Amino acid sequence: MNILVAPPARTGAERLPDGRLLGWAEWGPPDGTPVLLSPGAATSRRLGFGAAAADELGVRLISLDRPGLGASTPAPGRTFADFAADVRAFAAGLGRPAMVGNSQGAPFALACAAAGVVGALALVSAADEVADPRFADVLPGELRRLTELSEHDPEAAEKIFSGFTPQAMWDLVTGGSPACDLAVYERADFAAAYREALREAFAQGPAGYARDTVLAMGRWGIDLAAIRVPVDVWYGELDGSHSPDLGEGLTARIPGAVRHVVPGIGGALLWTEPHRILRALLDRLAASPQR
């Protein structure tokens, strides 16, 4: 049986310049090529991916807890730019690492790319900017209501999202997934790791998840046209949750970005194609003039 997830090889927390802690977990060789991971919604640093691929490819995969999740200190009212500044401070000794942004972690990773913090980026099953007017006619009614609330009354939206729990997130993900993704999510080893990451993410309460979600569901305010590093955008062909057009419009907004649509899988793509994703990312990093 293929190992989809493995416990971190190392964990810790870095003290940022303002005194807050930024939690991290690592897989792969400690002297490998640094690749940061901005994980998906409501999951902590502990849910990595591709441990075997990291070892094989010489990748030091470093997953980061966003503020208020897992081991990272809360930062009420934070922005995408604030997260990019945190990552810049964290990565000061790593040069310009590559980065992977998964699901709701994608816009945070895009903010890092726009700020020039990372040298190459892979977006995997990326949460799209659903508040963009081009999606207004295709969003389900409740999702459209929440995106509008996130944009125009973020405090009210945060109160709604603060009602989420680890179990509610598990039910949301598994309830909307195709059979190919459920074959991943409901596998005993993966489900245990995923549930533990959800539990850890909510250990300080729901405020960190709520702030993440308001930022991701509202207008991003990220200058995607300013991105000057290589970007690959990856979607599973059967992904009906993350982008109404499987990232076609998102890719077009990022200079030079390349989109990959993988058949036979949906939003679980990160865990079924780690070698392919990491190998392409390393190639892009090596070729990047920005490194």
Side-chain angles (χ1 to χ4, degrees), residues 1-14 22-40 43-66 69-72 87 90-106 108-109 112-113 117-126 184-185 187 189-194 196-197 200-201 229-236 260 262 265 267-288 291:
M1 180 182 290
N2 292 332
I3 298 175
L4 298 177
V5 289
R10 299 165 294 277
T11 61
E14 181 81 7
L22 191 153
W24 54 266
E26 289 188 3
W27 295 258
D31 60 349
T33 302
V35 174
L36 307 179
L37 171 62
S38 179
T43 56
S44 75
R45 57 186 174 165
R46 289 189 174 275
L47 190 66
F49 75 100
D55 285 332
E56 179 184 321
L57 298 172
V59 166
R60 178 186 175 192
L61 181 68
I62 310 168
S63 181
L64 304 177
D65 281 334
R66 291 185 289 276
L69 280 73
S72 289
V87 175
F90 176 85
L94 301 175
R96 295 184 75 208
M99 193 169 203
V100 175
N102 176 235
S103 187
Q104 190 167 279
F108 295 91
C112 292
V117 176
V118 297
L121 176 62
L123 301 178
V124 185
S125 307
V184 173
Y185 300 147
R187 223 176 77 166
D189 56 342
F190 187 92
Y194 190 22
E196 175 60 20
E200 187 179 65
V229 300
V231 179
D232 284 291
V233 180
W234 298 84
Y235 283 93
H260 313 263
V262 180
I265 193 65
L269 178 64
L270 183 69
W271 296 281
T272 63
E273 297 288 344
H275 283 81
R276 185 175 174 186
I277 291 165
L278 286 174
R279 190 175 289 112
L281 181 59
L282 291 178
D283 288 346
R284 298 279 265 170
L285 181 66
S288 173
R291 192 179 182 191

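Source: prediction; values computed, not measured.
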Considering all heavy atoms, the nearest [X]-[Y] contact:
X	Y	value
S125	G267	OG-O, 3.4 Å
A25	T11	CB-CG2, 3.9 Å
V35	L282	CG2-CD2, 4.5 Å
L269	G236	CD2-N, 3.7 Å
M99	L281	O-CD2, 3.9 Å
A54	G28	CB-CA, 4.1 Å

Under a 4.5 Å cut-off applied to non-hydrogen side-chain atoms, are [X] and [Y] in contact?
X	Y	value
E26	P8	no
S63	W27	yes
L121	P230	no

Could you give the distance from [atom1] ([X]) to [atom2] ([Y]), rounded to the nearest 0.5 Å?
X	Y	atom1	atom2	value
F190	W271	CZ	CH2	4.5 Å
R66	S44	CZ	OG	10.5 Å
R46	D65	CZ	CG	9.5 Å
L64	S72	CG	OG	7.5 Å
F49	L270	CZ	CG	4.5 Å
H260	L123	NE2	CG	10.5 Å

Test L36 against V100 for side chain to side chain contact (heavy atoms under 4.5 Å, CB included), laying out the working first.
CA-CA 6 Å; L36 307 179; V100 175; over 6 Å; no

Charged N to carboxylate O below 4.0 Å: is that the case for D232 and R284?
yes

Flag the pair R45 and E200 as a salt bridge only when some basic side-chain nitrogen lies within less than 4.0 angstrom of an acidic carboxylate oxygen.
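Judged by the 4.0 Å cut-off on N to carboxylate O distance, R45 and E200 do form a salt bridge.
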
Under the side chain to side chain contact (heavy atoms under 4.5 Å, CB included) criterion, do I62 and L94 qualify, and how do the steps go?
CA-CA 11 Å; I62 310 168; L94 301 175; 4.0 Å; yes

Might you work through the side chain to side chain contact (heavy atoms under 4.5 Å, CB included) test for E273 and V262, ending with a clear yes or no?
CA-CA 9 Å; E273 297 288 344; V262 180; 4.2 Å; yes

Given R279 and E56, is the salt bridge (charged side-chain N to carboxylate O under 4.0 Å, His left out) satisfied, shown in steps?
CA-CA 10 Å; R279 190 175 289 112; E56 179 184 321; 3.7 Å; yes

Test log, rule side chain to side chain contact (heavy atoms under 4.5 Å, CB included), inputs W234 and R276:
CA-CA 10 Å; W234 298 84; R276 185 175 174 186; 3.5 Å; yes

